[in-house]
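Below: the structure, in structure tokens.
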Amino acid sequence: MIVGVLNQKGGVGKTTIAVNLAAHWARAGRRVLLVDADPQGSSLAWSSARERDPLFPVVGMAKPSLHRDLPALARNYDLVVIDGAPRVNELARSAILASDIVLIPVQPSPYDVWAAADIVQLVGEAQGFKPGLRAAFVINRKIAKTAIGRDVSAILDSFPLPVLDAALRQRVIYAESAAQGLSVPEVQPRGEAAREIAALAKGIADLHLQREAA
Ligand SMILES: Nc1ncnc2c1ncn2[C@@H]1O[C@H](COP(=O)(O)OP(=O)(O)O)[C@@H](O)[C@H]1O
Ligand SMILES: [Mg+2]
């Protein structure tokens, strides 16, 4: 399965989610590859900051031929996670075409929801050639005891894509762990952040099962 964590908007949590999902699956014994499709190379920087043994390899493939180059490499892995690029539509299109499932992080802010129209349109276009492609939103940086998360889910309902039940809260552990090239499942395996990453992984696996059944 190839999971693209994509959104042309920067700062929504693509790298955070990609790294933590990859770590979750690697710790569960799956063979995982993390593909850094962002020319800024944030996932590569994350792996360079790491002093511990790697949990999974990270390769840089920020090029518009990703969808042609990745399948051969992906065969050697159970799961490939793509950390997507901001802005450039050319790269986003290729990353969407390379994916079985596109996960679109959005923060609980109307600006993020409005900006999501771009990626939703590209996914819709790609589904024209790739009908099995599935996509869903994941809300990131939800703040406890606020209604905005719920409000944003309501606005996202106007898009033709589902919103996963599993959301990620705003938590310092995401930034703190990343600074050392670590992930929340490693730093606090029984913590709440690791639990929300596990719930997200489960939501993605369920989407994949629906896709196989369709
Ligand atoms: N759930 C979260 N809680 C706290 N900080 C977060 C969370 N998700 C992302 N961040 C922080 O927000 C910033 C942007 O996230 P990042 O994953 O780099 O986004 P993107 O890859 O979409 O540009 C980073 O500093 C990251 O540590
Ligand atoms: Mg990033």
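First listed ligand is number 1; within each ligand, the first listed atom is number 1. All residue numbers refer to positions in the sequence shown, counting from 1.
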Heavy atoms of other groups near [X] [atom1], more than 12 under 6.0 Å:
X: Gln170; atom1: CD; result: yes
X: Gln121; atom1: CD; result: no
X: Glu212; atom1: CD; result: yes

>> Please identify which of these residues, Leu34, Asp38, Val35, Val5, meets the side chain to side chain contact (heavy atoms under 4.5 Å, CB included) condition with Ser43.
In response: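 So the option named by the test is Leu34.
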> Would you say atom 20 (P) of ligand 1 touches the protein, meaning some protein heavy atom is under 4.0 Å from it?
Replying inline: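 Yes.
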>> Does the protein place a non-hydrogen atom closer than 4.0 angstrom to atom 9 (C) of ligand 1?
In response: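 True for atom 9 (C) of ligand 1.
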> Of the backbone atoms (N, CA, C, O) and the side-chain heavy atoms from C-beta on, which set of Lys14 has a member under 4.0 Å from an atom of ligand 1: side chain, backbone, both, or neither?
Replying inline: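 Under 4.0 Å from ligand 1, Lys14 contributes backbone and side-chain atoms.
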>> Heavy-atom pairs closer than 4.0 Å: do any link ligand 1 to the side chain of Asp38, the backbone, both, or neither?
In response: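 No part of Asp38 is near ligand 1 at this cut-off.
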> Within the stated cut-off of 2.8 Å, is an N/O/S atom of Ser42 closer than that to the Mg ion (ligand 2)?
Replying inline: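 No - counting backbone and side chain alike, Ser42 has no N, O or S atom under 2.8 Å.
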Between [X] and ligand 1, is there a nitrogen or oxygen pair with a distance under 3.5 Å?
X: Lys9; result: no
X: Tyr174; result: no
X: Arg141; result: yes
X: Val172; result: no

> Which residue supplies the protein heavy atom nearest to atom 17 (O) of ligand 1, what is that atom called, and how far is it?
Replying inline: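 Looking only at protein heavy atoms, the one closest to atom 17 (O) of ligand 1 is Thr16 OG1, 2.6 Å.
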>> Give me the nearest non-hydrogen protein atom to atom 3 (N) of ligand 1 as residue plus atom name, then the distance to 0.1 Å.
In response: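 Checked against all protein heavy atoms, atom 3 (N) of ligand 1 sits closest to Arg171 N, 2.9 Å.
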Taking the side chain as every heavy atom from C-beta outward, state whether [X] and [Y] have any atom pair closer than 4.5 Å.
X: Asn140; Y: Val12; result: no
X: Trp25; Y: Val3; result: yes
X: Val106; Y: Lys9; result: no
X: Phe56; Y: Val81; result: no

> Are Val152 and Ile143 grouped together when hydrophobic residues (ILVMFWY) are joined by side-chain heavy atoms under 4.5 angstrom apart?
Replying inline: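 In one cluster: no.
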> Same hydrophobic cluster for Val19 and Ile17, using side-chain heavy-atom links shorter than 4.5 Å among ILVMFWY?
Replying inline: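 Hydrophobic grouping puts Val19 with Ile17.
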[X] heavy atoms, cut-off 4.0 Å: which ligand 1 atoms fall inside?
X: Gly13; answer: 15 (O), 16 (P), 17 (O), 19 (O), 20 (P), 22 (O)
X: Val12; answer: 19 (O), 20 (P), 22 (O)
X: Ala175; answer: 27 (O)

Is ligand 1 less than 4.0 angstrom away from at least one heavy atom of [X]?
X: Gly10; value: yes
X: Arg169; value: yes
X: Gly11; value: yes

